[in-house]
Amino acid sequence: MFHPRQGVALGLFIFLFVLVAVLSVASGRWWLPPLASVHGAAIDRLFTVTLLITGVVFALVHGLLAYSVWRFRGDPSRRAAHIREHRALELTWTVVPAIILTALIVSGGQLWLQIHRPPPADAFVVEVWGEQFKWGFRYPGADGQFGRTDPRLITDDNPFGIDLEDPAARDDIFFPAGQGELYLPVNRPVVVYLRAKDVLHSFFVPRLRVKQDLVPGMTTRFVFTATETGDYEIACAELCGLGHYTMRGLLTIATEEEVQRWLAEQLTVADLFF
Ligand SMILES: [Cu+2]
C-alpha cells in the first residue's frame, strides 16, 4: 500500500529534476564551443531548433507527470478511473509528433546533402588515418594526387602501405599515427578523406562542427571551410576500444602561405625512400 506522502515526494522529485535539467541546459555552460566554420552555422541552427522543440516537450510531459503523481496520489477512498479509448487524443499524439519529426528530418537531410556535396575542384586535399588510438595524416604533395596504397605493403617504415612504384606517391607527405599534426588553410574549402586501419573511429573537431566516421575498408570524406586561424582539438567520437579517450590530435588552421611554407619543409616519400 502506497502512502499518500510518497505521491507528494515523487511529484516534487520529478518537478525538481526537470527544473535542474532545463536550467543546466539554459545556462549555456555545456554549450558547443565557439563556431569556426562556414557550414557550422546551419548545424547550430538545426541543433538549437531540435533542442528547443524536444526541450519544450520534455518539460511539458514531465511537468504533467509530476502534477499527476502529486494530484492523483494514493487515496483509499477513491477508485481509479479506466479509460479504454480516446480517438481524438490518440490521433493528436500520433499526428503532431509525426509532422514535427518529418519537418526536422527533411531539413536535416537537406543540410546533410549540402555538407556532403562533391568537393570543389580547388579544395585543399588531405587524408586522415585513424588507428587505435592515434591519428595519422597524408598530404598529396605538389601533384595533388595521392599515391596508391595497399594494406599488404604496410611495414614499420611504410605504415599506410604506400605503393612506392606509383609515380603519384613520390611527393606524398605522410605522418605516421601519433606523429605530426594536421595543418590546414583558413578560408579555403578543405576535403578530408578518412580511412581506418583497424576499427570504426570518428573524426570530430567540435569548433568546426565536423564529425564523420572512419570505416575500415572504405574512404569517407568531409568538406569544410574554416573561418578562423588557431589550434583546434581533434577527438575520436566513436568508442573504438580501451584507449578511445586518449585518441586526440591537434589541428592547426593557418593562412594559405603558412601552410604552403610548412608543407615545403616536410620530407616527401621520395626523400624518405629513394
Ligand atoms: Cu578512435
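Indexing begins at 1, ligand by ligand and atom by atom, following the structure's order. Computed over heavy atoms, backbone and side chain alike; hydrogens, waters and symmetry mates excluded.
Relative orientation of the Phe174 and Phe273 rings is parallel, given thresholds of 30° and 60° on the angle between their planes. Using bins of under 30°, 30° to 60° and over 60° for the plane-to-plane angle, the ring pair Tyr139/Trp262 lands in the perpendicular bin.
In this structure, Arg195 and Leu214 approach most closely via the heavy-atom pair O-CD2, 3.2 Å.
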#### Entry: Working for side chain to side chain donor-acceptor pair (under 3.5 Å), residues Thr149 and Arg138
CA-CA 12 Å; Thr149 60; Arg138 181 161 72 135; 4.9 Å; no
### Task
Please assess His62 against Phe15 for the test ring pair (Phe, Tyr, Trp, His ring centres under 6.0 Å), listing each intermediate value before the final yes or no.
CA-CA 7 Å; His62 285 79; Phe15 175 75; over 10 Å; no
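With hydrogens and angles left out, the side-chain atoms of Glu131 and Trp129 include no donor and acceptor closer than 3.5 Å.
Annotation: protein N, O or S atoms under 2.8 Å of the Cu ion (ligand 1) (waters excluded) comprise His201 ND1, Cys236 SG, Cys240 SG, Met247 SD.
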